[in-house]
Structures are given as structure tokens and as C-alpha cells.
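See structure below.
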Amino acid sequence: MPEIIEIEIYRRQGEAMLGRRIERVVADDDWFLKEGATAEAVAAVCEGAVVDAVRRRGKLMLVDLSSGVTLGWRYGMTGRLLVDGAAEIEHLEYSSMRNEPAWDRFVVHFDDGGSARIRDPRRLGGVSIDPDESALGVDAFDAAPAVIRDRVAVGRVALKARLLDQTRIAGIGNLIADETMWRAGLDPARPAGELSPNEQRRLATHLRAVLDDFLRDGGSHTGRLQDHRVRGGVCPRCGTTLDRREIGGRTTFSCPQHQS
DNA sequence: CTCGACTCCTGTTAGC
DNA sequence: TGCTAACAGGAGTCGA
């Protein structure tokens, strides 16, 4: 599903929108407009405006317009970006194998005949006007070891839940979290604040490596643990049956042998 | 402020 | 064969 890796791929693809003028917006799914945005308001700030920049913070894609406003594009767990009809990511884990135009929830038409659209079967994404970027923590790609120490490895909440908290560190989703803790040998249920300095460094190091690996390999589903994240799955390192638990409200797989 | 529980969405799949 | 229920997870809300 879209985590920081997929959104970064979308952002790079979205650079094809730079300098192009928006002629028309199709935003007829009210549910998809968030934080009070309406089809009328979106049309007013978009139509006639030029795309000045395409940025990203965590899982939030930001589209700066010459009208002075910024659109926030969220992809939920099944949202994909199509620019001029083409998708950089053809298929998402846990999403449909089909590809229906009826799933277009937000479409921008440029005056050159091209378009950009969010195609999201499950409608868990959304578009907002001038989203509060400061509500998101440090972007995971910029997370120095000190960020892990000061913002993640604190409190009594489970480490897994901490990693998923976008206000602490932005961009980590379920798959990146599980792969990182598996590589780092850390139990997802451990209270985040109980990590030793050495364990904090291990977490920071492995998070960095996971992000680099996943971006190189093309998605958050490319981890070594991924194929084993099923009921009865075994640890690819030692063959021990993986624990399957719900932590932080998400299905969590971990190796009882390696992770403590 | 912290933190767990709950809710939303819908395509896919497991099971009867 | 056809139906139902469970499942997937990002994000927002609510109450203790």
C-alpha cells in the first residue's frame, strides 16, 4: 500500500505537472474532499492556476499552485497517481488487480489536454486545501538518529505504534514498520521508551537501510519479511513461526526468536 | 498531553 | 454455486 516510498515515487512522477496550467477540475466525490474543502472551492483555486511545485512530507503529497494555495493529496491505502493516463506504479499490495476509470476520485485537466488523477478504489485517500503540514513530524527520509532518540524512543506506548504515529515521524506505514523492527531485532510490543541507546541506534540504522532498499526496489512491499506476513508464515532467517498480533491497531508480524 | 478503542471506506478471499 | 463475514490499513475522532 502507499507508504512514504510510494508517495515519493508519485511525487517524482508528479513533477511532470510542473509549469502546466489547470483548465478544469473534476471533484465530484464529496467524500474525497477533506478538511472542509468543496468542489466549488477547489475549482476556484485551481482553474487558471499553474503548478509551481510538487512536494512531499511523509505520506502527504503537496501541490503548490500559482494561485497561492497548496493542495494536499492523500492516497490512503489503495490510491494511485496517474499523469497523462500513465501510472508509475501499476499495482498496489492489498488493492484490486483491476484498473477502473470509475475509481477516479479527483481529476485535474491541464490546458494542454493532459491530466493528473488520483485513482482510489477504496476511497481512503483525499484532497484538501492548504493542509497543516506542521501537524506531521520529521519526514522519515530526514530522520537522523537523534530524531529516533528524541521523538520515537519515548513513552510507554508500543514501539510499533510509535513508528506509525505520523506526528512523531512522518511516512512509516505498516510494512516499513514490520520490516524495520524485524531487521533491527526489536519486539514491536516493547514500550518505546525502554529502548537502550544501542537499540535506538540499531533502529535508526535499519530504518535508513529499509527506506533506501525499498526505494531502490520500487515499493514498500519489497521487504524480505513481506512474503511471510501471512497466517502461519515463518521467519525467513530461522524458520520459526512468526507471531501474528494486533499492535497499534494494525496486524503485526514478528519473529519471537530474533526480536526482543 | 497521552493513548487505546473505534470508525470510515470497498475489493478480495476464506469458509460454509 | 452463491452467499456472508472477515480482512486489509491510513487517518480522524472520542473518551478516559
Side-chain angles (χ1 to χ4, degrees), chain A residues 1-10 28-37 56-62 72-81 89-106 118-128 131-137 139-140 150-181 188-194 214 219-221 223 225-233 242 244-254:
Chain A
M1 78 291 309
E3 298 185 24
I4 192 171
I5 305 297
E6 283 76 14
I7 311 305
E8 174 60 16
I9 294 170
Y10 294 158
D28 44 18
D29 184 350
D30 284 342
W31 162 261
F32 212 71
L33 300 177
K34 307 297 185 184
E35 298 176 52
R56 182 191 58 72
R57 180 153 175 174
K59 303 172 200 171
L60 177 65
M61 192 170 102
L62 298 149
W73 293 20
R74 290 194 170 282
Y75 295 88
M77 75 174 282
T78 57
R80 293 188 305 135
L81 173 67
I89 292 178
E90 286 293 334
H91 172 251
L92 286 167
E93 201 77 15
Y94 306 124
S95 185
S96 175
M97 293 300 290
R98 293 187 290 133
N99 189 20
E100 304 286 344
W103 296 335
D104 288 348
R105 312 299 180 187
F106 186 82
I118 301 177
R119 183 166 290 180
D120 180 7
R122 291 182 207 176
R123 300 168 76 211
L124 282 165
V127 171
S128 59
D132 180 11
E133 300 175 36
S134 69
L136 294 168
D139 189 84
D150 298 338
R151 298 180 62 86
V152 176
V154 293
R156 288 183 298 277
V157 74
L159 175 60
K160 168 77 175 265
R162 262 287 179 274
L163 288 170
L164 295 177
D165 183 348
Q166 304 298 302
T167 68
R168 299 275 173 168
I169 180 172
I172 299 175
N174 205 30
L175 303 187
I176 291 174
D178 275 12
E179 176 81 10
T180 297
M181 289 180 292
R190 281 270 299 282
E194 286 187 6
F214 283 14
S220 53
H221 62 287
L225 190 63
Q226 179 60 25
D227 290 346
H228 308 274
R229 293 183 78 265
V230 294
R231 286 177 192 273
L242 296 171
R244 180 188 188 275
R245 294 173 286 182
E246 182 165 307
I247 303 174
R250 292 292 165 259
T251 303
T252 302
F253 288 90
S254 60

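Since the structure is predicted, the reported quantities are computational estimates derived from the model, not experimental observations.
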Assign a letter to each nucleotide of nucleotides 11-16 of chain C from its 5' end: B, base within under 4.0 Å of a protein heavy atom; S, sugar-phosphate only; -, no contact. B-----
A:R56, A:K59, A:R57 screened by salt bridge (Lys or Arg N to Asp or Glu O under 4.0 Å) with A:D139, the one that passes: A:R56
Should the ring pair A:Y75 and A:Y10 be called parallel, tilted or perpendicular, given that the plane angle runs from 0 to 90° and is split at 30 and 60? tilted
Quickly work out the A:R122 CZ to C:dA8 P distance and round it to whole Å. 11 Å
So what does [X] touch, heavy atoms closer than 4.0 Å: a base, only the sugar-phosphate, or nothing?
X      : value
A:R231 : sugar-phosphate
A:R119 : nothing
A:T251 : sugar-phosphate

If you define the side chain from C-beta out and look only at heavy atoms, does anything of [X] sit under 4.5 Å from [Y]?
X      : Y      : answer
A:L60  : A:Q166 : no
A:V152 : A:L159 : yes
A:N174 : A:R229 : yes
A:L92  : A:R80  : yes

So A:E3 and A:H221, side-chain contact (heavy atoms from CB on, under 4.5 Å) or not? Walk me through it. CA-CA 10 Å; A:E3 298 185 24; A:H221 62 287; over 6 Å; no
When you check the phosphate oxygens OP1 and OP2 of C:dC7, does a side-chain N or O of A:R229 lie under 4.0 Å from one of them? no
Chain A contact limits on DNA chain B, taken 5' to 3' with a cut-off of 4.0 angstrom to heavy atoms: B:dT2 to B:dT12
Under 3.5 Å side-chain donor-acceptor pair for A:S254 and A:R245: yes
Comparing nearest nucleotides in DNA chain B, the 5'-proximal residue of the pair A:W31, A:S96 is A:W31
